[in-house]
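Everything numeric here is computed off the predicted structure, so don't read it as measured data.
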Amino acid sequence: MIRVLLADDQPLIRAGFRALLEMADDITVVAEAGDGGEAVELCRALLPDVALLDVRMPLLDGIQATRRIGAEAGLDSVRVVILTNYALDEYVFAALRAGASGFLVKDIEPADLLQSVRVAAKGEALLSPSVTRRLIEEYVATPPRPTSGPGLDRLTDREREVLSLVATGMSNEEIARHLTISHATVKTHVSRTMAKLGARDRAQLVVHAYESGLVTPGGR
């Protein structure tokens, strides 16, 4: 059972998401929060698998809450997904830098919402891949000055290649087909790359890839 925390300052929005999530037999909403501070406290108390956080909340917004969750060793199993009204919300990439695993646009289809929560719980891929690519194009077009990045020089040539493909939004299955290697081999490369870069999930791998200059918007 995937345990979800919902955080949004609008009760009607929370009720709608809760109703959709609990349509699934394998998902349950363990708590709701009206602001980011309350969300962080509930994460500490309940350790949900996935925390769905609205990007704009009073007292403590979704980005600040994400940063606090990501900074606590005891919460490293919690996957944060940012909820936004806009496909290119200016705060979303900042949330990825803060440690979010991905994001969802609030007008997402119910079936896509359920699948996205399942994917986030497994930590296997970014959410909303097509919108993620647009976001990266928009907000990484002028990234911080490229550096070697922590541990980037320790990657093998194959690991760098896999990282560059992860940064385009490819899934493990797509990477395996592209490189003509097994899915298990791709998974191993991704896991080793995450360990070497100190990334907790694929979202942070994307941030590392762009900020290090390994890949650039519109190319690799």
Side-chain angles (χ1 to χ4, degrees), residues 1-3 24 26-27 47-51 66 69-70 73 75-82 92-93 95-104 111-137 139-140 143 146-220:
M1 183 68 71
I2 299 171
R3 304 169 68 252
D26 59 337
I27 298 173
L47 290 178
D49 300 303
V50 178
T66 298
I69 292 169
L75 300 180
D76 56 6
S77 65
V78 179
R79 302 297 180 187
V80 175
V81 177
I82 294 295
V92 173
F93 196 77
L96 294 179
R97 285 195 177 102
S101 295
F103 67 96
L104 289 175
D112 292 336
L113 169 66
L114 300 179
Q115 183 58 25
S116 294
V117 168
R118 295 183 183 111
V119 169
K122 292 189 290 185
E124 290 186 353
L126 289 172
L127 307 180
S128 303
S130 62
V131 181
T132 299
R133 290 168 185 157
R134 289 172 52 204
L135 178 82
I136 290 170
E137 292 287 329
Y139 291 102
V140 196
T147 64
S148 60
L152 198 62
D153 57 341
R154 298 169 55 201
L155 299 183
T156 66
D157 289 342
R158 178 63 91 183
E159 288 166 351
R160 285 172 179 260
E161 188 174 18
V162 169
L163 175 58
S164 69
L165 295 174
V166 168
T168 69
M170 281 192 182
S171 67
N172 284 356
E173 292 81 0
E174 291 170 331
I175 294 172
R177 288 195 298 270
H178 182 80
L179 297 178
T180 320
I181 58 179
S182 71
H183 177 272
T185 299
V186 174
K187 190 172 182 179
T188 297
H189 285 314
V190 171
S191 296
R192 288 177 178 171
T193 301
M194 287 173 61
K196 290 180 180 181
L197 297 179
R200 60 184 286 171
D201 54 33
R202 294 173 75 98
Q204 290 194 343
L205 285 183
V206 173
V207 173
H208 275 292
Y210 279 92
E211 292 191 333
S212 69
L214 179 64
V215 293
T216 57
R220 294 178 192 159

Fill in: Given L214, L197, V166, the one that forms side chain to side chain contact (heavy atoms under 4.5 Å, CB included) with H208
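So the option named by the test is L197.
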Quick check: do [X] and [Y] have side-chain heavy atoms less than 4.5 Å from each other?
{"X": "R158", "Y": "L179", "value": "yes"}
{"X": "T188", "Y": "R192", "value": "yes"}
{"X": "T193", "Y": "V162", "value": "no"}
{"X": "L47", "Y": "L75", "value": "yes"}
{"X": "I2", "Y": "V50", "value": "yes"}
{"X": "T156", "Y": "K196", "value": "yes"}

[X] side, atom [atom1]; [Y] side, atom [atom2] - distance, nearest 0.5 Å:
{"X": "M170", "Y": "S164", "atom1": "CE", "atom2": "OG", "result": "8.5 Å"}
{"X": "K187", "Y": "E173", "atom1": "NZ", "atom2": "CD", "result": "10.0 Å"}
{"X": "H189", "Y": "R160", "atom1": "NE2", "atom2": "CZ", "result": "14.5 Å"}
{"X": "I27", "Y": "R118", "atom1": "CD1", "atom2": "CZ", "result": "4.5 Å"}

Tell me the closest heavy-atom pair linking [X] and [Y], and the distance in Å.
{"X": "T66", "Y": "A100", "answer": "CG2-N, 3.4 Å"}
{"X": "R79", "Y": "S101", "answer": "CD-OG, 3.6 Å"}
{"X": "V78", "Y": "P48", "answer": "CG2-O, 3.4 Å"}

Discussion item. Counting only heavy atoms not in D26 (residues, nucleotides, ligands), do more than 12 fall under 6.0 Å from its CG?
Written reply: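 Atom CG in D26 is packed in, count exceeds 12.
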